[in-house]
Amino acid sequence: MLTEIPRLRPDTPLLDSIDSPADLRLLDTKQLPELAKQLREFLLYTVGQTGGHFGAGLGVVELTIALHYSYNTPDDRIVWDVGHQTYPHKILTSRRERMHSMRLKDGLTPFPKRSESEFDTFGVGHSSTSISAALGMDLAAKHMGNDNRAVAVIGDGAMTAGMAFEALNHTAHTDSDLLVVLNDNNMAISPNVGGLATYLSKVWGSNFYNSLRKGSKQVLTKIPHAWDFARKTEEHFKGFISPGTLFEEMGFNYIGPVDGHDLKSLNRYLKNLRNFKGPKLLHIITKKGKGFEPAELDPVGYHALSKLEPKLQPTATTSAPKRQKYQDIFGDWLIDMAAADSKLVAITPAMSGGSGMDRYAATYPERFFDVAIAEQHAVTVAAGMACDGLKPVVAIYSSFLQRAYDQLIHDVALQNLDVTFAIDRAGMVGEDGPTHAGAYDLSFMRCIPNMVIAAPSDENECRQLLHSCYQYPGPAAVRYPRGTGPGSAVEQTMQLLPIGKGIESLSGCQVAILNFGTLHASALKAAQQLGASVCDMRFVKPLDTALIERMAAKHELLVTLEENSLMAGAGSAVSEYFNQQGTIIPMLQLGLTDHYVDHAKHSEQLASEGLDSAGIEASIRQRLQLLGLKLSSAI
């Protein structure tokens with residue numbers, strides 16, 4: 001037991017010989033305890049030089065070694081939760097010589113980062129994403145016909161988050177062989193250890209027991225009452241001596257508790273579990289700060305260590321009964337795109353019918369994932385799928401995407417993953433009122449780096465922009481409203497529209513209306529009364545600055561139009577651009593003002609916000625009068 005940070009020993013040839021997990025797997029199992037000792041000492045030394053998290057890392061030294069020894073990484077995916085327990089992982093995965101750069105500019109990141117190493121399967125800096133991401137990777141491997149395995153390592157604290165249980169719930173309803181390692185370091189879940197528990201852990205994790213269990217199931221399921229009695233007896237017996245009943249009830253084969261510092265046992269369990277079918281949960285007991293007495297006595301205070309040396313410095317409502325709903329435009333596109341690309345998978349958080357996905361689900365059931373009301377999990381499982389080669393499409397309501405904002409930023413956009421978001425119910429939603437209104441998606445997405453944001457003006461453009469954004473190799477969103485459009489004919493041929501480019505749809509003078517989204521028909525109607533120009537901008541990000549500059553040069557007033565919050569919306573993007581260029585030009589921004597719009601018919605809501613054709617025209621006339629300008633049009 002160490003009580004002070006050790007100096008780096010010159011006699012550590014075993015650790016020095018490990019440049020990758022492939023080297024680790026060449027060792028004899030008898031050498032692994034010595035490797036664990038050297039790894040723990042090296043971790044203490046390097047964190048003493050750089051500062052950073054180390055209590056959690058000390059507690060998973062043996063687990064890290066066992067995982068890389070028993071699984072074929074990086075082909076097998078190990079997904080770490082939270083991230084500050086991954087320093088030992090970094091040391092064993094070709095970054096030992098760079099550990100001195102941890103937390104420094106241009107140095108190693110203190111968390112897993114996909115661009116830093118192929119062994120960092122999923123970037124993470126926060127909590128409870130590991131199970132979702134690992135499940136996505138496992139489902140991707142199955143879809144691609146690969147034999148890769150996926151392991152999620154989650155701590156007992158992270159397991160308390162709702163997202164973790166959302167992921168557990170979904171896993172049980174798939175054919176996944178995912179392994180979840182629950183690292184219980186006595187900080188949240190009470191341990192239940194002892195001779196009987198240890199003995200039964202060995203039984204539950206053995207090939208013999210699981211073969212017997214599988215064989216018994218095949219026989220007893222033919223006698224329903226007998227199988228039900230046997231299953232309940234097994235679960236109740238486990239429940240007397242372990243906390244595993246909950247996980248068994250959720251559909252996981254529970255193994256544990258297991259001593260997380262016993263390398264021999266860990267290797268045996270992990271090698272066996274790698275080949276077991278179905279979802280599994282291995283419950284291990286570890287000690288946070290293991291091997292460093294002050295950290296063991298005060299795991300909270302020694303969660304991180306300071307450096308020991310001096311620090312370096314919408315569209316108008318129409319009564320036409322047979323016009324297609326936007327959700328059906330999306331549903332048709334989804335089926336057509338899936339037929340053309342076998343990598344397409346579709347995900348929805350319990351909104352299959354409302355998002356127009358029912359026909360797709362029936363046509364491609366193996367490529368359809370309804371994750372229940374679990375928006376956070378929906379986005380992160382898509383990220384995991386994208387990590388391993390699939391092209392996920394997340395169909396989600398605008399207001400529901402708000403619940404997964406953190407996942408959108410950190411799990412998808414930060415890692416620049418190829419996920420397409422079909423955002424339904426954008427703008428106001430009529431009778432459903434402000435709780436379901438998609439009034440903020442342009443604002444909260446526009447500030448996220450790497451995002452592409454499209455706002456189609458009609459039904460055909462919705463289809464073509466879905467196709468174009470799907471082809472874009474990064475995070476992209478297409479937002480469209482509830483209900484029907486203006487009745488534009490939908491071309492079945494899918495065309496690639498240039499990213500970040502709009503079109504001038506009506507040529508006029510003096511006033512140019514820059515329309516973002518499905519208020520385009522109203523803009524055209526108002527413009528015809530004003531003799532104004534109209535641009536269908538198509539994209540909010542990237543902005544078509546060339547088109548905007550051309551409009552600014554030819555007109556005396558620029559008007560931006562959107563069915564989104566004025567704050568930080570598309571109009572703000574145009575204003576920010578001119579501000580950056582040092583250009584002063586008269587502008588009028590039309591959109592949703594700073595209040596919640598009460599429920600009413602969609603047309604009534606638009607009128608109340610001055611976003612119908614009459615309101616748009618009136619606002620422009622009022623602004624021209626304020627500027628002292630008279631309409632040059634004869635109208």
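Scope of the values below: all heavy atoms of this structure, side chains included, with no hydrogens, waters or symmetry mates. In this text, all values refer to a predicted model and were calculated from it rather than measured experimentally.
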Looking at [X] and [Y], what are the two nearest heavy atoms and their distance?
| X | Y | answer |
| --- | --- | --- |
| Pro456 | Thr518 | O-CG2, 3.2 Å |
| Ser130 | Ile154 | OG-CB, 3.6 Å |
| Met385 | Ile347 | SD-CD1, 3.7 Å |
| Arg623 | Leu588 | NH2-CD1, 3.6 Å |
| Ala455 | Leu465 | C-CD1, 4.2 Å |
| Leu178 | Ala134 | CD1-CB, 3.6 Å |

Quick check, are the ring centers of Tyr364 and Phe368 under 6.0 angstrom apart?
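Distance test on ring centres: not under 6.0 Å, no.
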May I ask you to decide if [Y]'s main-chain N or O and [X]'s side chain share a donor-acceptor pair within less than 3.5 Å?
| X | Y | answer |
| --- | --- | --- |
| Ser572 | Leu566 | yes |
| Ser613 | Ser522 | no |
| Gln605 | Met428 | no |
| Asp544 | Gly502 | yes |
| Thr380 | Gln407 | no |
| Glu562 | Gly571 | yes |
| Ser505 | Val534 | yes |
| Gln589 | Val559 | no |
| Asn416 | Gly474 | no |
| Gln415 | Gly123 | yes |

Verdict with reasoning, Thr174 to Leu139, per side chain to side chain contact (heavy atoms under 4.5 Å, CB included)
CA-CA 8 Å; Thr174 69; Leu139 293 173; 4.0 Å; yes
Side chain to side chain contact (heavy atoms under 4.5 Å, CB included) between Leu466 and Phe330, worked out:
CA-CA 8 Å; Leu466 282 165; Phe330 165 70; 4.0 Å; yes
Side-chain ion pair, [X] and [Y], N-O less than 4.0 Å:
| X | Y | answer |
| --- | --- | --- |
| Lys391 | Asp418 | yes |
| Asp332 | Arg463 | no |
| Glu617 | Arg621 | yes |
| Glu461 | Arg538 | yes |
| Arg77 | Asp138 | no |

Find out whether the Lys NZ or Arg CZ of Lys501 is both under 6.0 angstrom from the six-membered ring centre of Phe539 and within 45° of the ring's axis.
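No - Lys501 does not lie over the ring of Phe539 by the 6.0 Å and 45° rule.
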Does [X] [atom1] have over 12 foreign heavy atoms under 6.0 Å away?
| X | atom1 | answer |
| --- | --- | --- |
| Gln622 | CD | no |
| Ile373 | CD1 | no |
| Lys343 | NZ | no |
| Gln625 | CD | no |
| Tyr596 | OH | no |
| Lys113 | NZ | no |
| His143 | NE2 | yes |

Side-chain heavy atoms of [X] within contact of [Y], under 4.5 Å:
| X | Y | value |
| --- | --- | --- |
| Leu401 | Met445 | yes |
| Phe369 | Thr348 | no |
| Val412 | Phe421 | yes |
| Val452 | Lys541 | no |
| Pro349 | Glu375 | yes |
| Leu561 | Leu611 | yes |
| Val574 | Phe516 | yes |
| Val597 | Pro434 | no |

With sequence neighbours excluded, give me every salt bridge (charged side-chain N to carboxylate O under 4.0 Å, His left out) pair touching residues 436-450.
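Pairs touching residues 436-450 that pass the test: Asp441-Arg479, Arg446-Glu576.
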Can [X] and [Y] be counted as having a side-chain donor-acceptor contact under 3.5 angstrom?
| X | Y | answer |
| --- | --- | --- |
| His377 | Ser132 | yes |
| Gln510 | Glu556 | yes |
| Gln376 | Asp411 | no |
| Glu116 | Thr109 | yes |
| Ser352 | Asp370 | no |

With under 30° as parallel and over 60° as perpendicular, where do the rings of Tyr326 and Tyr480 fit, or are they tilted in between?
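It falls in the parallel class, under 30°.
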Ring geometry between Phe400 and Tyr397 (parallel below 30°, tilted from 30 to 60°, perpendicular above 60°):
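Aromatic pair Tyr397/Phe400 classed parallel.
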Take Ile620 and Leu530 through the side chain to side chain contact (heavy atoms under 4.5 Å, CB included) test and state the conclusion after the steps.
CA-CA 9 Å; Ile620 293 174; Leu530 299 167; 3.6 Å; yes
If I take atom [atom1] from residue [X] and atom [atom2] from residue [Y], how far apart are they, to the nearest 0.5 angstrom?
| X | Y | atom1 | atom2 | result |
| --- | --- | --- | --- | --- |
| Asp328 | Trp333 | CG | CH2 | 15.0 Å |
| Glu609 | Ser619 | CD | OG | 10.5 Å |
| Asn515 | Leu524 | CG | CG | 8.0 Å |
| Cys387 | Asp120 | SG | CG | 11.0 Å |
| Leu519 | Asp612 | CG | CG | 9.5 Å |
| Cys509 | His555 | SG | NE2 | 7.0 Å |

Could you go through Thr420 and Val394, starting from their C-alpha distance and side-chain angles, then the distance that decides it, and tell me whether this counts as side chain to side chain contact (heavy atoms under 4.5 Å, CB included)?
CA-CA 6 Å; Thr420 303; Val394 179; over 6 Å; no
